Each structure stands twice: as C-alpha cells, then as structure tokens.
Participant: 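One structure coming up, written as structure tokens, with questions to follow.
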Amino acid sequence: MPNAERIAKDRAPGGVRPPSRVRQLAAASIGNAVEWYDWYAYSFLAVYFAEQVFPKGAGNSLVPLLSTFAVFAVGFFMRPVGGLLMGAIADRRGRRTALTLTILLMGGGSLLVALTPTYAATGLLAPLVLVLARLVQGLSVGGEFAASTTFLVESAGPGRRGLFSSFQYVSTTAGQLLASATAALLAALLTEQQMGQWGWRVAFLFGALLSLLGLWIRRGAQETHPRALDAGTPYTQRPADRPGLFEALRRHPRQSLLICGITAGGTIAYYTWTTYLPTYAQVNAGFDKGEALTVGTLSLVFFALLQPLGGLLSDRIGRKPLLLGFSLGFAVLAVPLLHLVTDSFVSLLLVQCAGMVLLTGYTAVAAAVNAEVFPARVRAAGIGFPYSLTVALFGGTAPYVGTWFKQAGHGDLFPWYVAALCLVSFLVYLTLPETSRRELEK
C-alpha cells in the first residue's frame with residue numbers, strides 16, 4: 001500500500017488521526033482513580049477531623065462523627081445533580097471538557113477540605129466550609145461516571161468495549177485502595193494527636209496534587225464524541241444544536257428508567273460487598289475490626305484483577321449472560337452467603353471473594369451497557385442522572401439501611417433486601433437486547 005494511502009486510511013473521519021487507545025484508557029482510568037481517592041479519603045479520615053470541625057453535643061461524644069457522616073451523605077445526594085450537569089457539558093462541549101472540569105472540581109474540593117478551619121478558631125464557618133467542599137466533590141464524582149463512561153466506551157476499538165468498560169471499576173477500586181493505604185500509612189507514622197491536629201490534612205493535600213497529575217494526563221486525551229470525529233477537534237456545538245438539559249429524560253424516558261433498573265441491583269450489591277461487608281461482619285458476627293479491614297483490602301485487590309477478565313468475556317459471549325448470572329446469583333445466594341459470615345477470617349474472605357466473582361458480572365460491563373443504551377447526542381447526560389440517582393437511593397444508603405435493620409432488631413432482613421433488588425434487576429436484564437455486537441449509536 002502506498003505510504004500516502006496508508007496514512008489516509010489510518011486517519012479518522014475529518015482528517016484527525018485516531019487517538020492512542022492506551023493514552024485514552026490512561027486518561028479515563030488514572031483520572032477516575034484520583035477522583036475516587038479524594039472521595040474515599042473523607043470516609044477513612046473522618047474519625048480524625050470530626051471533633052475539629054464540629055462541636056460536641058452535651059454528653060455525647062459521637063455528635064461530631066455523626067455530623068461528619070451526615071455531610072458525607074449530603075455529598076452523595078449531590079451526585080445526581082453532577083451526573084445531569086456534567087453529563088450535559090459532555091454532550092454539549094465534549095467528553096474531554098467534562099473530564100477536565102470534574103477533576104478540577106474534585107481537586108478543588110479536596111484542597112478545601114485540607115484547608116477547612118477548626119470550629120474552635122472560626123465557629124460555624126468550619127462546618128460550612130466542609131459542607132461546601134463535600135458538595136463540590138459530590139458534584140464532581142456524579143459527573144465523573146457520566147463523562148468517563150462515555151469516554152471509555154467511545155475510545156474502545158472494535159470488539160473491545162467490554163474490556164475498556166471494565167477499567168471503570170478497576171480505577172475506582174484503585175482509588176479506594178490508595179485512600180485506604182494513605183490513611184493507614186499516616187496513622188502508622190504519626191501519633192493519634194498528630195493525626196487529629198494536622199495529619200489528616202496531608203491526605204487531602206496529596207489528593208489535590210494527584211488531581212493535577214490527572215489533569216495533565218487528561219489534557220493529552222482526544223475528544224471521542226462521534227460528531228468530533230466527523231468535524232475535527234476540538235469538539236463544540238453551535239448553541240442551536242446543543243441538546244437541552246433534560247432532553248435525555250424528555251425524549252428517552254424508557255431508556256432513563258432502564259438505566260435505573262440496570263443499576264439498582266448492581267449498586268446495592270457493590271456497596272454491600274465492597275464497603276459495608278466488614279462492618280456487617282463486625283455488627284452481626286462480632287468480627288475483629290482490624291481483621292475485617294484486612295479481608296476487605298484483600299478482596300478489593302481480587303475484585304480489581306477480575307474486572308478486565310469479565311470485560312473480555314463480555315466481548316466474546318455478550319453482556320446479557322454476565323448480567324443475568326450476576327443478578328440471579330445474588331438473588332439466590334445473597335441470603336445464604338451473608339448468613340455464612342462468622343467471626344472466622346477464612347469464612348469472611350471466602351464470602352467476600354465469592355460475592356466479588358458474582359459482582360463482576362455487573363461491574364465489568366456496566367459502563368458499556370449504559371453507553372449502548374443512548375445515542376451519542378445525549379449519551380453522557382442520559383447515563384449520568386438516572387445512574388447517579390439510583391446509586392444515591394440504593395447504593396449510598398446500603399450501610400445505613402443495614403445498620404437500621406440491625407438496630408430495629410431485624411438484622412436478618414438486610415440480606416433479603418439485597419436479594420430483592422437484584423431480582424428486580426434480573427427481570428430488567430431479561431428484557432434487554434444484546435448490544436455487544438452493535439455499533440454505538442451516533
């Protein structure tokens with residue numbers, strides 16, 4: 001083939017050279033890991049900064065910690081707003097623009113947490129600054145899924161959307177593990193007093209610096225919106241051509257509800273097995289706290305390694321078999337698996353790893369399935385709002401619902417709650433067409 005002809009063939013429509021898939025994957029994954037490091041650092045370090053930011057209630061030393069976790073919940077419920085707004089920006093101005101904005105917001109929120117004054121020094125200003133920082137982070141992480149999901153899947157080569165999709169949860173898990181490791185390292189190097197006074201701030205300053213690294217990597221990424229490939233980059237739309245903020249909900253109500261059904265079982269299973277299970281073992285089986293965290297860390301590493309395998313498998317056999325296996329598996333096995341949790345290290349590790357294998361049927365393909373539901377014009381906003389709303393309602397509340405059942409004397413009902421939501425998603429998956437062989441809708 002003549003050299004000129006070969007070069008022309010290698011270029012995308014519009015004369016733009018196709019982006020490096022490795023660079024695209026790194027831009028989405030490393031940035032996403034940084035986002036989730038900043039998000040999870042808050043929950044790991046809350047016990048250290050709670051009393052500096054919130055005043056103690058009369059006779060109740062738990063008031064500061066409870067207040068801190070209430071702010072954590074506020075951030076969770078900002079995620080649907082972020083999914084809608086950042087998704088709309090990704091559809092109007094391009095995925096790359098939205099990814100740049102989300103990581104700037106997360107880094108700024110992390111820096112604001114690090115610089116939060118103490119209640120003793122500024123009074124009510126301290127909790128107000130913390131609330132503002134968490135609102136910004138919630139906005140960012142809600143938009144991150146919408147933007148990075150579309151970016152990852154649109155960056156994938158032929159027959160590789162499942163593989164690229166799986167890195168959504170590889171990077172999320174990496175961020176969670178990095179936050180846990182940073183908190184553990186600081187706690188090991190510093191005294192309890194030093195951690196309470198200033199040590200916790202170091203972790204958030206580190207997060208802000210990591211955001212700059214993620215920003216630098218993302219600046220080198222190439223726009224993936226299909227219309228950018230037709231018209232050249234950078235991608236922008238004329239005001240008259242831009243989709244409305246609620247266009248996805250208005251024109252695609254069925255697809256929006258479908259995202260909710262796809263997500264409900266997946267998010268409750270994900271947050272139960274990756275976040276709440278160590279606490280569940282402590283509360284219901286008297287498991288040692290330190291050993292529970294060790295089991296959680298080991299199982300998260302195992303979970304991250306499984307994701308690319310699940311993604312590759314979905315590219316070979318389709319998304320639907322994995323989704324059906326995940327949801328039916330949890331609908332049938334969630335109750336017996338959670339009842340197998342005892343105070344034995346091995347039992348908890350086996351239960352958590354068994355759940356991770358089933359969970360991979362959802363997490364490895366969720367980004368691809370969601371992206372394959374909507375046309376490119378409203379893909380990011382169409383995914384972002386219903387997904388984030390469902391996560392806020394069912395995923396983010398999983399630890400609170402589990403604890404509430406236990407306090408009400410009905411701890412055995414929580415596994416049935418998980419199983420019921422997975423059964424709902426199973427019924428939704430039965431109605432889904434197989435999309436792994438289809439071209440993404442432009």
Side-chain angles (χ1 to χ4, degrees), residues 40 42-44 46-47 50-51 54 56-77 260 263-296 299-300 326-356 358-359 389-427:
Y40 279 113
Y42 185 101
S43 58
F44 288 129
V47 66
E51 291 187 7
F54 293 95
K56 287 185 179 180
N60 191 342
S61 61
L62 287 177
V63 168
L65 188 58
L66 290 172
S67 299
T68 307
F69 281 117
V71 176
F72 181 83
V74 167
F76 236 107
F77 281 92
C260 295
T263 306
T267 190
I268 185 69
Y270 175 77
Y271 279 96
T272 298
W273 249 259
T274 65
T275 303
Y276 180 57
L277 197 57
T279 303
Y280 178 88
Q282 295 168 45
V283 172
N284 291 276
F287 203 92
D288 177 75
K289 182 179 180 181
E291 288 194 344
L293 292 175
T294 301
V295 169
S299 62
L300 282 173
F326 146 72
S327 54
L328 186 60
F330 267 107
V332 173
L333 297 175
V335 174
L337 279 175
L338 289 176
H339 282 164
L340 284 175
V341 173
T342 67
D343 60 356
S344 163
F345 185 96
V346 174
S347 78
L348 181 58
L349 183 61
L350 289 176
V351 167
Q352 195 148 11
C353 287
M356 296 301 195
L358 291 174
L359 185 57
L389 180 63
T390 308
V391 170
L393 290 175
F394 299 111
T397 59
Y400 303 97
V401 171
T403 304
W404 180 83
F405 274 129
K406 181 64 177 178
Q407 288 177 339
H410 303 291
D412 288 344
L413 290 180
F414 180 71
W416 289 101
Y417 171 67
V418 175
L421 284 175
C422 288
L423 181 59
V424 169
S425 285
F426 173 76
L427 298 175

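The shown structure was predicted, so the numbers you read here are calculated from the model rather than taken from an experiment.
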Participant: Under the side-chain hydrogen bond (donor to acceptor under 3.5 Å, both in side chains) rule, collect the residues that match up with Tyr276, sequence neighbours excluded.
Facilitator: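 So Tyr276 forms no side-chain hydrogen bond (donor to acceptor under 3.5 Å, both in side chains) with any residue.
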
Participant: How far does OG1 of Thr267 sit from CG of Leu421, to the nearest 0.5 angstrom?
Facilitator: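 Those atoms lie 9.5 Å apart.
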
Participant: What heavy-atom pair brings Leu359 and Gly266 nearest, and what distance separates the two atoms?
Facilitator: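 Taking Leu359 first and Gly266 second, the nearest heavy atoms are CD1-O, 4.1 Å.
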
Participant: Check ring pair (Phe, Tyr, Trp, His ring centres under 6.0 Å) between Tyr271 and all other residues, then give those that pass, not counting sequence neighbours.
Facilitator: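 Phe76.
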
Participant: Once you round to the nearest 0.5 Å, how far does CG of Asp288 lie from OG1 of Thr294?
Facilitator: 8.5 Å

Participant: Atom CG of Leu349 and atom OG of Ser299: how far apart are they, to the nearest 0.5 Å?
Facilitator: 7.0 Å

Participant: Examine distances only and state if a side-chain atom of Trp273 and a backbone atom of Val351 form a donor-acceptor pair shorter than 3.5 Å.
Facilitator: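 Present.
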
Participant: Taking all atoms of both residues into account, what is the closest heavy-atom pair of Gly265 and Ser425, and its distance?
Facilitator: N-OG, 2.8 Å

Participant: Going by ring pair (Phe, Tyr, Trp, His ring centres under 6.0 Å), name the residues that satisfy it together with Phe326, two or more places apart in sequence or in a different chain.
Facilitator: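 Residues passing ring pair (Phe, Tyr, Trp, His ring centres under 6.0 Å) with Phe326: Phe330, Tyr362.
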
Participant: The criterion is side chain to side chain contact (heavy atoms under 4.5 Å, CB included); which residues satisfy it with Leu328, sequence neighbours excluded?
Facilitator: Val332, Phe426

Participant: Give me the atom names and distance for the closest heavy-atom approach of Asp343 to Gly286.
Facilitator: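 Closest heavy-atom pair between Asp343 and Gly286: CB-O, 4.4 Å.
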
Participant: What is the minimum heavy-atom distance between Ala419 and Ala331, and which atoms define it?
Facilitator: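 Heavy-atom minimum between the residues: CB-O, 3.6 Å.
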
Participant: Would you indicate whether the side-chain heavy atoms of Pro415 and Phe405 approach each other to under 4.5 Å?
Facilitator: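 Phe405 vs Pro415: side chains apart.
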
Participant: Return the set of residues passing side-chain hydrogen bond (donor to acceptor under 3.5 Å, both in side chains) with Ser347 (not counting sequence neighbours), or none when no residue passes.
Facilitator: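 Ser347: side-chain hydrogen bond (donor to acceptor under 3.5 Å, both in side chains) contacts with Thr342.
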
Participant: One pair to check against side chain to side chain contact (heavy atoms under 4.5 Å, CB included): Thr275 and Tyr40. What are the steps and the verdict?
Facilitator: CA-CA 10 Å; Thr275 303; Tyr40 279 113; 4.3 Å; yes

Participant: OG1/Thr263 to OH/Tyr270 distance, rounded to the nearest 0.5 angstrom?
Facilitator: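 If I round to the nearest 0.5 Å, the distance is 13.5 Å.
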
Participant: To the nearest 0.5 angstrom, please state how far the CZ atom of Phe287 sits from the CZ atom of Phe345.
Facilitator: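 Phe287 atom CZ to Phe345 atom CZ measures 6.5 Å (nearest 0.5 Å).
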
Participant: Return the set of residues passing side-chain hydrogen bond (donor to acceptor under 3.5 Å, both in side chains) with Thr274 (not counting sequence neighbours), or none when no residue passes.
Facilitator: none

Participant: Quick one: pull up CG in Leu350 and OG in Ser344 and give me the separation to the nearest 0.5 Å.
Facilitator: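 Output value for this atom pair is 8.0 Å.
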
Participant: Applying side chain to side chain contact (heavy atoms under 4.5 Å, CB included) to Leu300 and Gln352, what does each step give before you reach the verdict?
Facilitator: CA-CA 9 Å; Leu300 282 173; Gln352 195 148 11; 5.9 Å; no

Participant: Take His339 and Asp412 through the side chain to side chain contact (heavy atoms under 4.5 Å, CB included) test and state the conclusion after the steps.
Facilitator: CA-CA 8 Å; His339 282 164; Asp412 288 344; 3.9 Å; yes

Participant: Check whether any side-chain heavy atom of Phe394 lies under 4.5 Å from a side-chain heavy atom of Tyr417, and answer yes or no.
Facilitator: yes

Participant: Run Leu277 and Leu348 through side chain to side chain contact (heavy atoms under 4.5 Å, CB included) and show every step you take.
Facilitator: CA-CA 9 Å; Leu277 197 57; Leu348 181 58; 4.1 Å; yes

